[in-house]
Number of protein chains: 2
Amino acid sequence: MMTLDQMKDKDIGKVGTPERDKYEFDLQMEVLGDMIRSVRKERNLTQEQLGELIGVQKSQISKLERNTKNVTIETILKVFRALKANVRFSVEMNESEFKVV
Amino acid sequence: MMTLDQMKDKDIGKVGTPERDKYEFDLQMEVLGDMIRSVRKERNLTQEQLGELIGVQKSQISKLERNTKNVTIETILKVFRALKANVRFSVEMNESEFKVV
DNA sequence: AAAAAAGTTGAATTATATGGAAACTTTTGC
DNA sequence: GCAAAAGTTTCCATATAATTCAACTTTTTT
């Protein structure tokens, strides 16, 4: 589990060792757009190229990367599928935190 | 990380010990609706009560629980926020898996 | 087994996400 | 500093998600 900033700071150029061959990030939903951008850049793709993989214009990719939460699950899956990345969602629930109002 | 079935099998009535005070579930998008339902029931809420917390009719909750093929992030966040549960997502990326087409 | 509560469904409406096109701005390379 | 590439924005159309209402079905309670 790391923040987006920590992730960005990572020297992703130096990969190659098996230990570094796989990345996993836990994130808040709000940064989903940043995540698309990060993974796209890690794949060395322009917005236009990613758009081609999915079948949309570069402007659409731009919008997805900057727009945070108003996206459908389907779109998110489509993008990360094109980037050959797996997305998983998790729900964390604290018993004590909940009070019926 | 557990499947939905394992989760359902869990005896959630017996909580109270600190070890059992927190639940975490990884899920596929396809079971998100089931997840809403599970957490709602764990909170001992009816669809109508959850709807009131969010400001929608019970029929809407019903639809979200059964028909989650496609939902927006905003809706998901709204629901789980009302249930006092955190939603996170993780992206897993394998270097080797990707080839530029 | 009747009544009440909880959940589901269908039809209709509203809101908004997806998307393209083109003009515009920013960044990058020389 | 200029040109090309990459990214952003605006306007617009279309598709579909979000939502309600009311009738209906299922489950629970007494």
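Just so we're on the same page: letters track the sequence lines, and every chain starts at 1.
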Practice prompt. For B/Gln57, enumerate each residue passing the side chain to side chain donor-acceptor pair (under 3.5 Å) test, keeping only those at least two apart in sequence or located in another chain.
Written response: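 Side chain to side chain donor-acceptor pair (under 3.5 Å) list for B/Gln57, sorted by chain: empty.
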
Worksheet item: For B/Ser59, which residues count as a side chain to side chain donor-acceptor pair (under 3.5 Å) partner, sequence neighbours excluded?
Response: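 Testing B/Ser59 for side chain to side chain donor-acceptor pair (under 3.5 Å), a comparison that skips the adjacent residues, returns none.
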
From [atom1] of [X] over to [atom2] of [N], roughly how many Å is that when rounded to an integer?
X: B/Gln49; N: C/dA5; atom1: CD; atom2: P; answer: 12 Å
X: B/Glu48; N: D/dA22; atom1: CD; atom2: P; answer: 14 Å
X: B/Lys41; N: C/dA5; atom1: NZ; atom2: C1'; answer: 14 Å
X: A/Glu52; N: D/dA6; atom1: CD; atom2: C1'; answer: 13 Å
X: B/Glu65; N: D/dT26; atom1: CD; atom2: C1'; answer: 15 Å

Determine: side-chain N/O of [X] to OP1/OP2 of [N], distance under 4.0 Å, yes or no.
X: B/Arg66; N: C/dT8; value: yes
X: A/Arg40; N: D/dA6; value: no
X: B/Arg37; N: C/dA6; value: no
X: A/Ser62; N: D/dT8; value: yes

Item to complete: To the nearest 0.5 angstrom, please state how far the CD atom of A/Gln60 sits from the CG atom of A/Asn67.
Response: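 Output value for this atom pair is 9.0 Å.
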
Worksheet entry | Nucleic acid footprint by protein, nucleotides 16-30 of chain C - heavy-atom cut-off 4.0 Å, B for base, S for sugar-phosphate alone | -SSBBBB--------

Worksheet item: So, the side chain of A/Arg40 versus the backbone of A/Leu45: is there a donor-acceptor pair under 3.5 Å, distance only?
Response: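 Yes: the side chain of A/Arg40 pairs with the backbone of A/Leu45.
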
Worksheet item: A/Arg37 side chain to A/Glu65 main-chain N or O, any donor-acceptor pair under 3.5 Å?
Response: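 No; judged by distance alone, with no hydrogens or angles, the pair does not exist.
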
Discussion item. For B/Val79, run the side chain to side chain contact (heavy atoms under 4.5 Å, CB included) check against B/Val71, B/Ile36, B/Val39, B/Val56 and tell me which one passes.
Written reply: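 With B/Val79 as partner, side chain to side chain contact (heavy atoms under 4.5 Å, CB included) holds for just one option, B/Ile36.
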
Worksheet entry | Under the side chain to side chain contact (heavy atoms under 4.5 Å, CB included) test, residues paired with B/Lys58 that sit two or more places apart |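 Partners of B/Lys58 under the side chain to side chain contact (heavy atoms under 4.5 Å, CB included) test: B/Gln47, B/Glu48.
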
Item to complete: Find the bend of the helix from C/dA1-D/dT30 to C/dC30-D/dG1 as the angle between its two terminal axes (five pairs each), to the nearest 10°.
Response: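 Overall, the helix from C/dA1-D/dT30 to C/dC30-D/dG1 bends by 70° from one end axis to the other.
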
Item to complete: Grab the two heavy atoms, one from A/Ile73 and one from B/Asn70, that are nearest each other, plus how far apart they are.
Response: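 Result for this residue pair: N-OD1, 3.5 Å.
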
Discussion item. Between B/Ile54 and B/Ile61, is there a side-chain heavy-atom distance shorter than 4.5 Å?
Written reply: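 A side-chain contact under 4.5 Å exists here.
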
